Structures are given as structure tokens and as C-alpha cells.
Novice: 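Got a structure for you, questions after.
Residues take their numbers from the sequence shown, with the count starting at 1. Since the structure is predicted, the reported quantities are computational estimates derived from the model, not experimental observations. Worth knowing before you read on, the calculation uses all heavy atoms, side chains too, and leaves out hydrogens, waters and symmetry mates.
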Amino acid sequence: MDEAERSVEWIEAQVVSANPVRLDSWLSSHFPEVSRSRWQKAIREERVVRSEKDLVPRVMVSDGDILSIDAQVFNDNSNHPKIPEPQDLPLTILFEDEDILVINKASGMVVHPGNGCENGTVVNAALHHTHGKLAALDEVERPGIVHRLDKETSGVLILGKTEKAARDLFSQFQARSISKTYICVVQGVPDQQVGTCDGPIGRHPVNRTKMAVLPDGRPAVSHWEVLNGSNDGWSALRVSIETGRTHQIRVHLSEMGFPVLGDSLYGFRKTRVSGDAARVERILLHSFETVFRHPVSGKVLEVQAHLPSEMTTFIS
């Protein structure tokens with residue numbers, strides 16, 4: 001979930017249970033105003049955490065466990081979900097057939113409705129483009145969605161048009177069999193040409209809108225390569241990821257001392273760069289290439305999304 005979509009207020013709840021119990025079950029029984037399916041969604045969106053660790057709905061919790069819950073969950077309109085309305089919005093199609101739709105998501109476009117954003121999303125646009133043919137999965141406000149990109153991140157995004165295709169794609173993402181490569185521009189120039197970041201990532205213990213490298217975080221691996229650098233204080237990197245943690249690339253590069261241009265949440269400062277780099281108006285992170293197996297034909301597809309114009313200034 002993009003940081004702009006998160007609540008800044010979190011509450012704590014202590015588990016009281018004689019025996020270990022599934023997290024989603026405990027939450028729905030103790031907070032019945034929010035349905036179990038909505039709690040599952042909140043857990044997957046990392047809006048419920050335990051000791052700064054991200055969780056999954058089926059995880060077992062025990063008596064005395066302390067949970068941190070995004071307070072907005074209780075006021076979220078998505079507790080009463082509705083099917084999104086199709087909207088005639090521009091989409092850049094990279095690949096499409098009867099089973100899947102692959103687009104080049106524009107920066108600034110939210111992937112799906114929720115948390116006060118009901119219109120103008122990829123889902124609204126895709127429903128119009130496909131005449132309503134997107135996979136109806138467990139959450140009615142997220143038809144076709146099998147993975148996400150942050151609001152500010154552009155590039156390759158895959159949607160499932162049929163339930164069979166969507167569930168297969170989701171399984172591929174869960175199994176980490178999909179190859180994802182990003183291009184970004186960062187503040188600073190690394191001394192090495194290539195490197196790997198493998199710091200585990202979890203919720204920031206103080207600023208709950210952020211993620212951070214933490215000793216007890218979830219495993220995360222990012223491989224990076226310098227494409228070019230500049231005397232203006234920036235460099236362009238190619239990054240491939242083995243895992244898909246929230247804000248993973250942004251966190252890893254910031255931890256190295258090279259925050260992504262435009263990403264003030266993770267340390268970018270305009271005063272530390274000059275020229276075009278000091279005038280960026282978005283986070284310069286782009287999902288450039290995704291390689292995956294077609295969920296029906298089994299054919300390996302390699303899909304690339306051209307760099308947006310605001311990034312070609314830095315990368316030829």
C-alpha cells in the first residue's frame with residue numbers, strides 16, 4: 001500500500017484467548033463491526049501487525065500477543081464494499097488476450113479503490129476497457145488484481161480477466177517465480193557497480209507509514225546495478241527483486257544511503273542534488289520488465305514498459 005493511502009493513527013489490541021487462534025478469526029470475533037473478509041484484506045495490506053512484523057490471515061496468535069491495528073480499518077468505507085464503476089480513463093496496453101491484461105501503469109494512478117479513493121483507479125479504467133471482464137475474486141472492489149504497484153510507481157502491471165488466470169498468476173507471485181526488474185534514479189552514486197541488499201523488512205517501529213530494515217523483519221532481497229551516474233549527485237540503477245515487500249526497493253536503497261529521487265519519505269533531499277534532479281515531481285521508480293508464465297498457455301512472456309518521459313532525462 002502506498003504511504004499516502006495509510007492512516008497515521010494506530011491502536012493496540014491485546015489477544016485474550018485460552019488457546020492459539022487464527023488471527024483473522026480472533027479479530028472478526030472481537031471486532032464484529034468489521035467482517036472477517038475485511039480483516040483478511042487489512043492483514044494482507046499490512047494494516048495489522050504484531051511486534052512490527054507483517055502477518056498473514058492464517059497465522060496463529062496467542063494469549064498476550066499485542067497487535068497494532070490501523071485505526072482507519074474501523075472507519076473504512078470498504079467495510080461495505082461495492083463493485084467499482086467502469087470509467088473511460090486512458091490505459092497503455094502492453095499485452096492482452098482473453099485471459100490477461102498487462103498495462104503500463106501511470107505514476108500517480110492508484111491500482112484499486114479503497115481507503116477513500118473510489119474513482120480514477122486502474123480497476124475503474126480496466127473495467128471500462130474490458131467491458132467488465134475482470135476476474136471476480138474474493139474482494140469485489142479489486143477485480144482482476146493479482147499484485148500492486150505503489151501509487152507513484154509506474155510500469156508493468158498484470159491483471160487477470162478470468163478467475164482461473166488470476167488465481168494462477170497470484171500463485172506465481174506467491175511462489176516468487178515471476179521475474180521483476182525496475183529502473184530508478186537515486187540520490188548519490190554508489191562506489192560499486194553491482195550489489196545486493198538483503199536486509200529483512202518490517203513496519204517502522206515509530207513511523208507506522210514507513211517500512212524499515214529490521215532484525216526481525218520479513219526476508220527481502222534486491223539486486224542492483226549502476227547504469228550511469230552524474231556530477232549533479234544522482235545515478236540510475238537497474239534493480240531486480242526476489243521478494244515483493246512493501247516499499248522494498250525504496251527501503252533497501254535508502255538504507256544504503258541512496259534514496260530514490262522524489263522519495264522524501266525515505267530520505268531524498270533536493271538540496272543534495274542539482275540540475276534536473278532537484279526538480280523532480282514524482283518518485284523516479286519504474287517497473288520496467290516482468291517475465292512470467294502465461295496462466296493458460298504456459299508460454300513464458302517477457303513484457304517491458306517504456307520509461308516515462310520524466311525518467312528519460314536521466315537514462316538514455
Side-chain angles (χ1 to χ4, degrees), residues 1-16 23-24 26-27 30-31 34 39-57 59 61-76 78 110 114-117 148-153 184 186-188 197-222 224 239 241 243-273 280 282-285:
M1 178 184 296
D2 187 83
E3 73 277 359
E5 301 169 10
R6 297 182 185 275
S7 167
V8 296
E9 296 184 4
W10 289 67
I11 63 173
E12 288 192 346
Q14 182 172 345
V15 176
V16 178
L23 174 60
D24 56 349
W26 187 87
L27 287 167
H30 285 74
F31 303 102
V34 179
W39 276 120
Q40 291 172 345
K41 177 177 184 289
I43 296 165
R44 285 193 293 271
E45 291 181 342
E46 298 157 6
R47 299 167 72 184
V48 180
V49 296
R50 177 181 60 186
S51 302
E52 285 72 57
K53 279 191 174 182
D54 295 334
L55 303 169
V56 294
V59 74
V61 292
S62 303
D63 188 66
D65 282 348
I66 303 297
L67 306 175
S68 294
I69 304 171
D70 183 347
Q72 187 61 30
V73 171
F74 297 98
N75 302 317
D76 200 332
S78 62
V110 176
N115 304 304
C117 177
R148 291 176 294 172
L149 295 175
D150 286 348
K151 178 181 178 181
E152 288 293 320
T153 303
C184 63
V186 301
Q187 174 184 300
C197 304
D198 58 4
I201 292 177
R203 183 73 50 196
H204 194 286
V206 177
N207 186 344
R208 309 300 289 177
T209 67
K210 296 177 61 176
M211 308 299 287
V213 171
L214 300 171
D216 57 353
R218 299 173 72 185
V221 180
S222 306
W224 55 268
V239 184
I241 58 176
T243 51
R245 307 304 178 204
T246 300
H247 299 177
Q248 177 174 320
I249 293 174
R250 297 161 61 187
V251 171
H252 273 165
L253 294 180
S254 176
E255 181 75 7
M256 286 171 52
F258 304 105
V260 178
L261 259 61
D263 192 0
S264 57
L265 183 69
Y266 289 105
F268 169 68
R269 299 293 180 265
K270 291 185 177 182
T271 55
R272 297 180 184 176
V273 293
V280 296
R282 57 158 287 198
I283 297 173
L284 296 190
L285 178 61

Novice: Heavy atoms, side chains only, cut-off 4.5 Å: are H252 and I241 in contact?
Specialist: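 No, every pair of side-chain atoms sits at 4.5 Å or beyond.
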Novice: Using the side-chain contact (heavy atoms from CB on, under 4.5 Å) criterion, which residues pair with E12? Sequence neighbours excluded.
Specialist: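 Result, side-chain contact (heavy atoms from CB on, under 4.5 Å) vs E12: I66, S68.
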Novice: Rounded to the nearest 0.5 Å, how far does OG of S222 lie from CD of E255?
Specialist: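 So the CD of E255 and the OG of S222 are separated by 12.0 Å.
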Novice: Please lay out, stage by stage, how S254 and D263 fare under the test side chain to side chain contact (heavy atoms under 4.5 Å, CB included).
Specialist: CA-CA 9 Å; S254 176; D263 192 0; over 6 Å; no
Novice: For the residue pair V213 and V251, establish whether any side-chain heavy-atom pair is separated by less than 4.5 Å.
Specialist: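 Of all side-chain heavy-atom pairs linking V251 with V213, at least one is under 4.5 Å.
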Novice: Provide the closest heavy-atom pair for W10 versus V49 in the form atom of the first, atom of the second, distance.
Specialist: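 Looks like CZ3-CG2, 4.2 Å.
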Novice: Keeping the roles fixed (side chain from D70, backbone from Q72), state whether a donor-acceptor pair exists under 3.5 Å.
Specialist: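 At least one qualifying donor-acceptor pair exists.
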Novice: Run the side-chain contact (heavy atoms from CB on, under 4.5 Å) test against T243 and tell me which residues pass, sequence neighbours left out.
Specialist: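 For T243 the side-chain contact (heavy atoms from CB on, under 4.5 Å) partners, ignoring immediate neighbours, are R176, A220, R245, Q248.
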Novice: So do Y266 and V260 actually touch side chain to side chain, heavy atoms under 4.5 Å?
Specialist: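 They are not in side-chain contact.
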Novice: Within the 4.5 Å heavy-atom criterion, are I69 and L27 side-chain neighbours or not?
Specialist: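 SC-SC contact between I69 and L27 confirmed.
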Novice: Would you sort out whether W224 and M256 count as a side chain to side chain contact (heavy atoms under 4.5 Å, CB included), showing the intermediate values?
Specialist: CA-CA 11 Å; W224 55 268; M256 286 171 52; 3.5 Å; yes
Novice: Let me confirm one number: the OG1-NE2 distance from T209 to H204, rounded to the nearest 0.5 Å.
Specialist: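 The OG1 atom of T209 sits 9.0 Å away from the NE2 atom of H204.
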Novice: Can you see which heavy atom on P215 is nearest to which on P200, and at what distance?
Specialist: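 In terms of heavy atoms, the two residues are closest at O-CG, 4.0 Å.
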Novice: Step by step, would you call I201 with T246 a side chain to side chain contact (heavy atoms under 4.5 Å, CB included)?
Specialist: CA-CA 8 Å; I201 292 177; T246 300; over 6 Å; no
Novice: So do the side chains of V73 and F31 get within less than 4.5 Å of each other, counting heavy atoms only?
Specialist: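 Not touching, per the 4.5 Å side-chain cut-off.
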Novice: Could you state the interatomic distance from CD (E46) to CZ (R203), rounded to the nearest 0.5 Å?
Specialist: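 One finds 5.5 Å between CD of E46 and CZ of R203.
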Novice: Rounded at 0.5 Å granularity, tell me how far CD1 in I283 sits from OG1 in T153.
Specialist: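 It is 6.5 Å, given to the nearest 0.5 Å.
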Novice: What's the shortest heavy-atom distance between P205 and L214, and which atoms?
Specialist: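 Looks like CD-CD2, 4.1 Å.
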Novice: Taking atom CG of L23 and atom CD1 of I43, what is their separation to the nearest 0.5 Å?
Specialist: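 Those atoms lie 3.5 Å apart.
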Novice: Quick one: list whatever passes side chain to side chain donor-acceptor pair (under 3.5 Å) with D63, sequence neighbours left out.
Specialist: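 With neighbours one apart ignored, the set is empty.
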Novice: Between the main-chain N or O of R269 and the side-chain N or O of Q187, is there a donor-acceptor pair closer than 3.5 Å?
Specialist: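 A pair under 3.5 Å: yes.
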Novice: In Å and rounded to the nearest 0.5 Å, what is the CG to CZ distance from L285 to R250?
Specialist: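 Rounded to the nearest 0.5 Å, the CG-CZ separation comes out at 7.5 Å.
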Novice: So which atom in V15 and which in W26 form the shortest heavy-atom distance, rounded to 0.1 Å?
Specialist: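 Closest pair (atom of V15, atom of W26, distance): CA-CZ2, 3.5 Å.
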